[in-house]
Amino acid sequence: MTVWKTSRRNFFAHKGRMALSAVAVLLSVAFVCGTLVFTDTMNTTFDKLFAATAPDVTVRLEDPDENERLPKNGKPVTLPAATVEKVAGATGVEHAEGAAVSTSVTVVDSHDKNIGPTSGGPTIARNWTKNDLRSMEITSGRVPRGPTEAMLDADTADKHHLKIGDSLRTITPNGDINAEISGIVTFKVTNPGAAVVYFDTATAQTKLLGAPDVFSVVFVSAESGVSHTELKKNVATALGDTSGYELQTQKEATDASKDSMGSFLDVMKYAMLGFAGIALLVGIFLIVNTFSMLVAQRTREIGLMRAIGSSRKQVNRSVLIEALFLGVVGSLLGVGAGVGLAVGLMKLMGAMGMELSTEDLTVAWTTPVIGLVLGIVVTVVAAYFPARRAGKVSPMAALRDAGTPADGRAGRVRAAIGLVLTLAGGAALLAATRADKASEGSPLLGAGVLFTLIGFIVIGPLLASFVVRVLSAVMLRMFGPVGRLAERNALRNPRRTGATGAALMVGLALVACLSVVGSSMVASATEELDKSVGADFIVQPAGGGGGLIVDQAAKALKTVPDIEHLTGYKVLGARLTAPDGTIENKALAAVDPTYKDDVRRETVSGELAAAYGKDSMSVGETYATKHRVKVGDRITVAFKGGETAKLKVAAITSDDVNIDKGAMYVNITTAAQYVPADALPQNMIMFAKAADGKEKEAYAALKSALAKYPQYEVKNQADFKEQLQDQIGQLLNIVYGLLALAIIVAVLGVVNTLALSVVERTREIGLMRAIGLSRRQLRRMIRLESVVIAVFGALLGLGLGMGWGTAAQKLLALEGLGVLEIPWPTILTVFVASAFVGLFAALVPAFRAGRMNVLNAIATD
């Protein structure tokens, strides 16, 4: 009980010193709990949606393309309308109806503005069915009664200020649907961000599915008293031969949808938890520093406790109980902050187009438990070594000045271990750069990153003794005696300086590594683009996302003046039988012969132009080597949805590229001989070459031709490079934003270190003030000390990160990204910003030091 009371008294006596460490625990726990609450809420939202939309039993055709509902021609997999009658006749069926559904559509308003989601959610076009009443209700107007009417969901209508009577144009692979809004439907559950448009059944079948006598799926409702499992068996009996069909009960359909969405949510969750883990790691440095300095400052107090009978275990336990108090307080606040963070993320997603209702806010009982356990365990573990050090304080320490003498042997052992780990990590990174395959080098890269990181952390005090001296010679000596005092203060406790710098090092190392990798990727892709792409313009789905170029848009492009040639690029599924008898499913690129001028490909054998001849094709170097294919051989090609042909190999292309690596080419005309027109895929991308001297006119004309199709964009090479840079830049900005949490915690560590250092040196500061050091000089000394510590951490982090990034780029070079580019502007900006971070972190400690009463400071024990 005495230990408990002593610990509680010490904790509240030093509550100001504990505050920043508590903030570190709070932030880390908040990130973990916020991530769990946010992803659980998303799961709840989608679970409700899937449960509300799934009928008692669903009947559809099995997808031969591994659950890809939309084959490469943009048309959904369909089943005959007669299937509905068969299913309706099954025992226990109350109602069966066919649904015509497609997500391969774009809906635009009267100004040709795309009204689809910007959050990545789908645009869904379908017919109105009774099953829709489970999740939707018509809140105004009525259902469509013909091809010129459509219903729209209320969320999309509100967002784009649309109302009944307004015009919509739905662009489908089978032509456009021009209609007026006849009704507005509202989700009964939260709509996470989809746009939904409804048509009458006949229009949906003809325009969405391409035929009047087919459906995408059959929805089946059970009679009262008939279970879903029993209904499924009865439907299977009514169908007879169920091979090729996929039958699912409501639970099975819901679970399948959950699994599909769950994989995406898991990636998001674990990525965010990874950054929370980095913040926790940085927080450990802060907590270790806090307790190390508290123990050092209370050396005489602990010595007195030992002198009056306290055992080592009691002293040790006293420090750990203080850590327990800190962990409990920080974790409790963190759990509450995590819920607030989750709500903030939901609002942010809402601004981006994904609606998440706070009514679905889900806080599982495991979330606060995980947050509390994590925060408390991390805090107590971080305080363990300072607690052990406290237990070793001798009763004779009560007779000495505050502060514990350094353990020289421990320092040498630590330095040796750090050197071994660093050298082992460096060797692993070097081995990764010399790997022959990326798959072989990746484990070495991971090991190198881990060992060098731990090595630098362990060897931090040794590095601090050397690096801080060098930095001081460059940065501090110009400030005269004040600068030399700042240098000595930073070097006074190298272990503390090393730990404080290491906290900054972790976050900045990741920033530098990702900057090098991102810049190298952009530089490599740009070089490849300059070397390989000869086309003036590239037409593709907006944002570089998936999708196909509908025939209407392709025809509009063909009418553009000032174009020398326009090249289509389609992807066909096929089963190839090589001369050695090996059968593989492959994708063939069906292109116009002008593609050889638009994208330059080197051949290792044969001529690429010959591959576009009648009944000819090309193969990639890897495929040719694997199956011993040579020019002149014939490959049996069974086209998906078409006939089988024997095509002559006229060229073998080099795989030493990034664009179209491993691609097999065939002329579109050849493909059209064996694939029916209704099964021939639409273009994935198109290339255009301007007539000589007409680049500006052609560019403007192409954009004008696509004005009615806002889902596509025209880019020249400069635009394409800029888009590539923006995409990687946006990804890096997201990562930097998440890493900012770790850097904030590290900054708190600098503040805490300085604050505790000022308290530790209270008497010393009083004496310096007494012999003439001004308040201004005192504040400058503390600011300079902070800056040099921050710059020390930045140097370690940026140097380590650039080493990681360089090693990672060498592995990427094996995949074709062969240009190493160090983003010096970013590196220098981060370095300079680190100095300002140090300056900012010192403001409060320096201000407090300057306000000390000189006499009281001198009288301090």
Report task. With rounding to the nearest 0.5 Å, note down the distance linking OG1 in T452 to CG in L423. Result -> 11.0 Å
Requested in this report: Could you grab the distance from atom CD1 of I376 to atom CG of L326, nearest 0.5 Å is fine?
Outcome: 10.0 Å
Query raised in the report: Taking all non-hydrogen atoms of both residues, which atom of F31 and which atom of L341 are closest, and how far apart?
Result: CA-CD2, 3.9 Å
Report task. Take F836 and V832 through the side-chain contact (heavy atoms from CB on, under 4.5 Å) test and state the conclusion after the steps. Result -> CA-CA 7 Å; F836 282 100; V832 172; 3.7 Å; yes
**Report entry** Spacing of C33 atom SG and L372 atom CG [to the nearest 0.5 Å]
**Finding:** 7.5 Å
Query raised in the report: Mind checking what makes side chain to side chain donor-acceptor pair (under 3.5 Å) contact with T379, not counting sequence neighbours?
Result: none
Report summary line: Residues I827 and L798: closest non-hydrogen pair is O-CD1, 3.7 Å
**Report entry** Min side-chain heavy-atom separation V378-V25 under 4.5 Å
**Finding:** no
Query raised in the report: Has the side chain of T497 got a donor or acceptor atom that lies under 3.5 Å from a matching backbone atom of A490?
Result: yes
Query raised in the report: Any side-chain heavy atom of L508 sitting closer than 4.5 Å to one from S834?
Result: yes
Report task. Would you sort out whether L784 and M781 count as a side-chain contact (heavy atoms from CB on, under 4.5 Å), showing the intermediate values? Result -> CA-CA 5 Å; L784 291 175; M781 179 188 74; 5.9 Å; no
Query raised in the report: Does L796 reach the side chain of L800, with side-chain heavy atoms less than 4.5 Å apart?
Result: no
**Report entry** Side-chain donor or acceptor of S331 paired with backbone N/O of V328 under 3.5 Å
**Finding:** no
Query - CG on L843 to CD1 on I782, rounded to 0.5 Å - result: 11.0 Å
**Report entry** More than 12 heavy atoms of other groups within 6.0 Å of Y736 OH
**Finding:** yes
Query raised in the report: If every non-hydrogen atom of V335 is compared with every non-hydrogen atom of P368, which pair is closest and at what distance?
Result: CG1-CB, 3.8 Å
Requested in this report: Quick one: closest heavy-atom pair of A464 and G498, and the distance?
Outcome: CB-N, 4.2 Å
Query raised in the report: Is a side-chain donor or acceptor of S786 paired with a backbone partner of G838 at a separation under 3.5 angstrom?
Result: yes
Requested in this report: For residues M346 and M42, determine if any side-chain heavy atom of one lies less than 4.5 Å from a side-chain heavy atom of the other.
Outcome: no
Query raised in the report: Taking the side chain from T41 and the backbone from T362, do they hold a donor-acceptor pair closer than 3.5 Å?
Result: yes
Query raised in the report: Does any non-hydrogen side-chain atom of F831 lie less than 4.5 Å from one of L795?
Result: yes
Requested in this report: Indicate yes or no: at least one non-hydrogen side-chain atom of Q777 is less than 4.5 angstrom from one of M768.
Outcome: no
Query raised in the report: Any donor-acceptor pair under 3.5 Å linking the side chain of R851 with the backbone of F847?
Result: no
Report summary line: G455 and L421 have their tightest heavy-atom pair at CA-CB, 3.8 Å
Query - 4.5 Å side-chain heavy-atom contact, L453 and V506 - result: yes
Query raised in the report: Atom CG of L36 and atom OG1 of T366: how far apart are they, to the nearest 0.5 Å?
Result: 7.0 Å
Report summary line: d(N43 CG, K269 NZ) to nearest 0.5 Å is 7.5 Å
Query - Side chain proximity check, W804 to L510, heavy atoms < 4.5 angstrom - result: yes
Query raised in the report: Taking all non-hydrogen atoms of both residues, which atom of I459 and which atom of L419 are closest, and how far apart?
Result: CD1-CD2, 3.3 Å
Requested in this report: Could you tell me whether R488 atom CZ has more than 12 heavy atoms of other residues or ligands within 6.0 Å of it?
Outcome: no
Requested in this report: Decide side-chain contact (heavy atoms from CB on, under 4.5 Å) for V788 and E487; before the verdict, give the C-alpha distance in whole Å, the side-chain angles of both, and the deciding distance to 0.1 Å.
Outcome: CA-CA 8 Å; V788 80; E487 175 188 354; over 6 Å; no
